[in-house]
Amino acid sequence: MSSKRAQRYWLMKTEPDGFSIDDLARRGREPWDGVRNYQARNFMRDEMKPGDGVLIYHSACATPGVAGIAEVASDSYPDPTQFRRNSKYFDESSRPDEPRWWLVDVGFVRKLDRLIGLDELKALPALEDSPLVRRGNRLSVLPLTAAHWRAILAQEKKNP
DNA sequence: GCCAACGTTGGC
DNA sequence: GCCAACGTTGGC
């Protein structure tokens, strides 16, 4: 396999009441549709590449935190829901010849042995510079450094 | 359910 | 281009 660039790392949020790591495990692979934030869109459209590592984060739930590992499973392509009039993600001002919203497919890798809660993440010195643990952070797709990735996954083997 | 933080919209 | 109003996210 020839790789033109080093693997990158990302974190993607999902609300488990709507779509959880278990749903991803069942389906194996899922188009990450419905993202309607320009910064998150730019990451998916311009920077994510197949094979990149993804941490799946459960948000807006009883215990928010990192729940599993996935990978970028496709190149980016236009989010089809933006053109579906009956979709809640429909965007009437987006044009098929110039799509506004883009996505990637996400492939399941594995569920973590245990959920690594936000309280734990906040306590990790390695994550001090990540927007993930900053108050008021609303970005649903964000980049991680290799150090962030390692620090988060190292927690899996530790007692909370 | 509350509310702080943030992004987006639209009037001017 | 500014900024107030509004809508949404997300932790608690």
Side-chain angles (χ1 to χ4, degrees), chain A residues 8-27 30-48 52-72 76-106 108-109 111-145 147-149 151-156 158-160:
Chain A
R8 288 192 191 167
Y9 302 98
W10 307 93
L11 180 141
M12 300 175 93
K13 295 182 187 174
T14 184
E15 300 188 13
D17 292 346
F19 189 85
S20 71
I21 188 69
D22 293 318
D23 293 316
L24 184 61
R26 267 190 293 276
R27 302 174 73 120
E30 186 76 4
W32 214 255
D33 61 18
V35 173
R36 296 294 180 268
N37 169 282
Y38 288 105
Q39 213 180 337
R41 185 278 312 266
N42 291 347
F43 286 137
M44 289 201 286
R45 186 190 60 187
D46 305 333
E47 301 195 44
M48 296 176 96
D52 282 359
V54 176
L55 293 182
I56 301 296
Y57 178 93
H58 284 174
S59 68
C61 57
T63 312
V66 174
I69 305 177
E71 64 183 356
V72 177
S76 62
Y77 60 95
D79 181 343
T81 64
Q82 70 194 302
F83 304 122
R84 292 186 191 140
R85 197 160 275 280
N86 61 355
S87 168
K88 66 173 173 174
Y89 302 125
F90 177 65
D91 182 348
E92 66 178 342
S93 62
S94 181
R95 304 173 44 81
D97 58 339
E98 199 174 340
R100 174 171 300 173
W101 305 111
W102 294 67
L103 53 68
V104 296
D105 289 353
V106 172
F108 178 75
V109 174
K111 188 176 175 177
L112 296 192
D113 296 339
R114 65 181 187 86
L115 185 126
I116 301 170
L118 180 58
D119 51 347
E120 273 182 77
L121 300 175
K122 283 180 173 169
L124 292 179
L127 286 186
E128 272 173 8
D129 61 343
S130 169
L132 176 61
V133 296
R134 273 206 283 279
R135 179 183 172 75
N137 157 48
R138 301 173 52 186
L139 195 55
S140 63
V141 176
L142 56 93
L144 300 173
T145 65
H148 295 151
W149 176 273
I152 293 169
L153 291 181
Q155 281 304 108
E156 186 183 12
K158 297 178 185 170
N159 293 321

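Below, read A as the first sequence line, B as the second, and so on, with proteins coming before strands; counting in each chain starts at 1. All heavy atoms count here, side chains included; hydrogens, waters and symmetry mates do not.
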Asker: Do A:W101 and A:R36 make a side-chain contact, defined as non-hydrogen atoms from C-beta onward lying under 4.5 Å apart?
Answerer: yes

Asker: Between A:R8 (side chain) and A:P143 (backbone), is there a donor-acceptor pair under 3.5 Å?
Answerer: no

Asker: Taking atom CZ of A:R95 as the centre, does the number of heavy atoms from other residues, nucleotides or ligands within less than 6.0 Å exceed 12?
Answerer: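 Atom CZ in A:R95 is not crowded, with 12 or fewer foreign heavy atoms closer than 6.0 Å.
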
Asker: On DNA chain C, which is the earliest and which the latest nucleotide, 5' to 3', with an atom closer than 4.0 Å to a heavy atom of chain A?
Answerer: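 With heavy atoms of chain A under 4.0 Å away, the range is C:dG7 to C:dC12.
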
Asker: How close do A:V35 and A:D79 get, heavy atom to heavy atom, and via which atoms?
Answerer: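 Nearest pair, atom of A:V35 first, then A:D79: N-OD2, 4.3 Å.
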
Asker: Would you list the atom pairs, donor with acceptor, under 3.5 Å between side chains in residues 121-133 of chain A and any protein atom, with sequence neighbours excluded?
Answerer:
| residue | atom | partner | partner atom | Å |
| --- | --- | --- | --- | --- |
| A:D129 | OD1 | A:H148 | NE2 | 2.9 |
| A:S130 | OG | A:L132 | N | 3.1 |

